[in-house]
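Here is the structure we will look at.
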Number of protein chains: 2
Amino acid sequence: MNSEAKSYDFLGDVSGPGRGGTTARVVEAIREAIVSLDLPPGTQLDKAALCTRLGVSRFPVSEALSRLQAEGLVEIRPQSGTIVARIRLADVRENLFIRRALEAEAVRSLAGTCRADLLDSLRRNLRYQKAAAEAGDRKGFHVLDLAFHDIIFQALGFERVKAMVESARLGLDRIRRLLSSRRRHELTFQEHEAVLQALAAHDGEAAARAMVAHLDAVMAELLTLAEAQPDIFADQARTQGLAT
Amino acid sequence: MNSEAKSYDFLGDVSGPGRGGTTARVVEAIREAIVSLDLPPGTQLDKAALCTRLGVSRFPVSEALSRLQAEGLVEIRPQSGTIVARIRLADVRENLFIRRALEAEAVRSLAGTCRADLLDSLRRNLRYQKAAAEAGDRKGFHVLDLAFHDIIFQALGFERVKAMVESARLGLDRIRRLLSSRRRHELTFQEHEAVLQALAAHDGEAAARAMVAHLDAVMAELLTLAEAQPDIFADQARTQGLAT
DNA sequence: AGCCACATTCTAACATGCTAGTATGAATTC
DNA sequence: GAATTCATACTAGCATGTTAGAATGTGGCT
């Protein structure tokens, strides 16, 4: 049974200074491992091994897995086992729905009152994006992409909204890894720029439209990818639980 | 110190059939107590008393409180204590933002493809709403109000979105209790009807506008109420942590 | 009298032990 | 040989024990 060692070497360090925050760090470590595909979809998680590897007890691990289940990254089968959630097309759609709704409303709501320093931050970010896209720096571009959206939510000041969007984005990141391409970077850059333009013009509706267009473009590519690599997806047609 | 008994009599029963789901039931019980204002904002929670009252150990209670913190209903002060979150104006704004974004996008996305049975369900619900409003049945109307929004998300089929909206709505329910009035019911009914009209006409944008108008109307009343009863709110101006 | 240091006490966070439910595989029966 | 039943091993969920940190109140000091 335990033919594979399950050493979980790739997991980050969770040793913290004081007492508090252990659970949060465990969440972070496992989430990172899942999103980076070090833990591929469908992998069974050995809780005991996780505890020994991270040097913590089962309490924080249990709670961490529970939260990750809420985020849709793992699937807990009661009394049976916990596995890394397979990527379901329905989840991809849902996560993109969440991002479309919240991010569009964010820019719509910001356009009217957005301050100059916000625009400046976005402009600076886009300059870096352009450079990263031209240099073909995939990882750098990804970081800047995240930062672009983060800047917007920072300006909005809604912590829970930000957390929700981040959660939705993480649910998509496992696929995005496979999607990252130079052409996509250039397109993303242009789409981001359109958002900025609309924000600068204080046109909320246009900003929302630009954001939706951006996310829909990503969605379209993800779906194309899904067609090409059906093996990493679970249950395309059945058990999707669409409204009856 | 323990001059008050802290009997927590109002808490519902959490005894379940089998082994699983205890934590979920504890969450439900405490959440209900908070939303119904049996546990007023600012109340300190006695974890041990909760355990004895509910007949469970500290494990499910801890996890339940942790989840409720994520929902913004309680505030955990490390090593110090847990209190029922005071209602912050910023949270009200955030929760309404979430609802506006997700519910508007929901009806926008549904308008194009909405099926006849969905419209029928909504129509039936609105007939009941009208009856409840005219009869002055506050509790009944509230239930129907929830059902109206639930029907929409049921049709959408996105579980996590539904959970997010529900969480946001619960964060607002503590105030809504104080706001529930006959006039508000009539207005709500009319606003709901506008949403239905637009859905029936397959006009997504109009449906979204109607939904936003509905939620904004609620928001306006909540803010008016906030002015009138500032005592239940915490820190109007300071420590709101708006983007610096 | 006002202020500061210290100790007590309370709490959440963490570790560990235990139980029940599930799945798997082997043995038995048809 | 195939299907079914039973035993075993494994897992999540729950209970309980332990520890570290924070608030508060008290005593001494200025």
When the distance from [atom1] of [X] to [atom2] of [N] is rounded to whole Å, what number comes out?
X	N	atom1	atom2	result
A:Gln44	D:dT11	CD	C1'	9 Å
B:Phe59	C:dA15	CZ	C1'	12 Å
B:Asp46	C:dA12	CG	P	8 Å
B:Ile83	D:dA23	CD1	C1'	14 Å
B:Ile76	D:dG21	CD1	P	18 Å
A:Lys47	C:dT16	NZ	C1'	13 Å
B:Leu54	D:dC14	CG	P	13 Å
B:Glu63	C:dC14	CD	C1'	14 Å

If we ignore angles and hydrogens, is there a donor and acceptor under 3.5 Å between the side chains of B:Ser109 and A:Arg100?
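Distance-only check fails for B:Ser109 and A:Arg100.
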Donor-acceptor pair between A:Thr82 and A:Glu75 side chains, under 3.5 angstrom:
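Side-chain D/A pair, A:Thr82 to A:Glu75: absent.
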Tell me whether the side-chain N or O atoms of A:Arg77 pair up with the base of C:dG21 as donor and acceptor below 3.5 Å, since no angle test is needed here.
no
Below 4.0 Å: OP1/OP2 of [N] and any side-chain N or O of [X]:
X	N	value
A:Thr22	C:dC14	yes
B:Ser62	C:dA12	no
A:Thr23	C:dC14	yes

Given [options], the nucleotide with the shortest approach to the side chain of [X]:
X	options	value
A:Ser80	D:dA20, D:dT18, C:dT22	C:dT22
B:Gln79	D:dT11, D:dG21, D:dC14	D:dG21
B:Arg58	D:dG13, C:dA15, D:dG17	D:dG17

Within the distance-only criterion (no hydrogens, no angle test), does the side chain of B:Thr188 pair as donor or acceptor with the backbone N or O of B:Arg184 below 3.5 angstrom?
yes
Side chain to side chain contact (heavy atoms under 4.5 Å, CB included) for B:Arg174 and B:Val84? Distances and angles first, verdict last.
CA-CA 12 Å; B:Arg174 289 194 288 180; B:Val84 178; 3.4 Å; yes
Would you check if A:Tyr8 and A:Asp38 make a side-chain contact, meaning some heavy-atom pair closer than 4.5 Å?
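No, too far: nothing below the 4.5 Å cut-off.
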